[in-house]
Amino acid sequence: MRNAIGAANVNQAKGSFDGPARASTIDANDQLRSADEYRILIIAYKNGRPVLLSDLADTIDDAENNAWRPGPTTRRR
């Protein structure tokens, strides 16, 4: 699942034009920015059908880990 999410969330050049006087890079941002974009991400195929991230997990626009609470073993850096 991690590889599928990483591959879908790439921010890199898509190509380039190279000419005799100029060169230009084609740039587009494919980063996923919302829970809705992650929800429809295809993680795998099973029996010829796509398995979406939403089939395996809840996707919400929220903090990274709002269940985490500081405790006696938590150290501040």
Side-chain angles (χ1 to χ4, degrees):
M1 185 170 7
R2 180 180 178 169
N3 290 340
I5 293 170
N9 205 16
V10 175
N11 185 15
Q12 64 184 15
K14 306 301 177 225
S16 64
F17 292 111
D18 296 317
R22 248 185 256 213
S24 183
T25 300
I26 301 169
D27 194 20
N29 190 340
D30 287 342
Q31 290 184 307
L32 304 176
R33 298 185 182 269
S34 71
D36 287 336
E37 292 174 320
Y38 280 95
R39 194 170 287 124
I40 60 172
L41 183 63
I42 297 172
I43 299 301
Y45 287 89
K46 186 164 184 155
N47 299 326
R49 298 185 61 182
V51 178
L52 304 179
L53 182 59
S54 61
D55 295 332
L56 305 173
D58 294 327
T59 57
I60 57 172
D61 288 316
D62 201 354
E64 181 177 337
N65 185 353
N66 61 9
W68 180 83
R69 300 284 185 262
T73 60
T74 305
R75 285 188 241 164
R76 295 186 91 155
R77 295 180 185 194

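Separation of atoms CD1 (I43) and OH (Y38) is listed at 10.5 Å; rounding is to 0.5 Å. Rounding to the nearest 0.5 Å places CG of D55 at 9.0 Å from CZ of R49. Once rounded to the nearest 0.5 Å, the distance linking CG of D58 with CG of L53 reads 9.5 Å.
If you chain together hydrophobic residues whose side chains sit under 4.5 Å apart, L41 and L56 fall into the same group.
Considering only heavy atoms from C-beta on, I42 comes within 4.5 Å of L52 through its side chain.
The environment of D61 atom CG is dense: over 12 non-hydrogen atoms of other residues, nucleotides or ligands sit within 6.0 angstrom.
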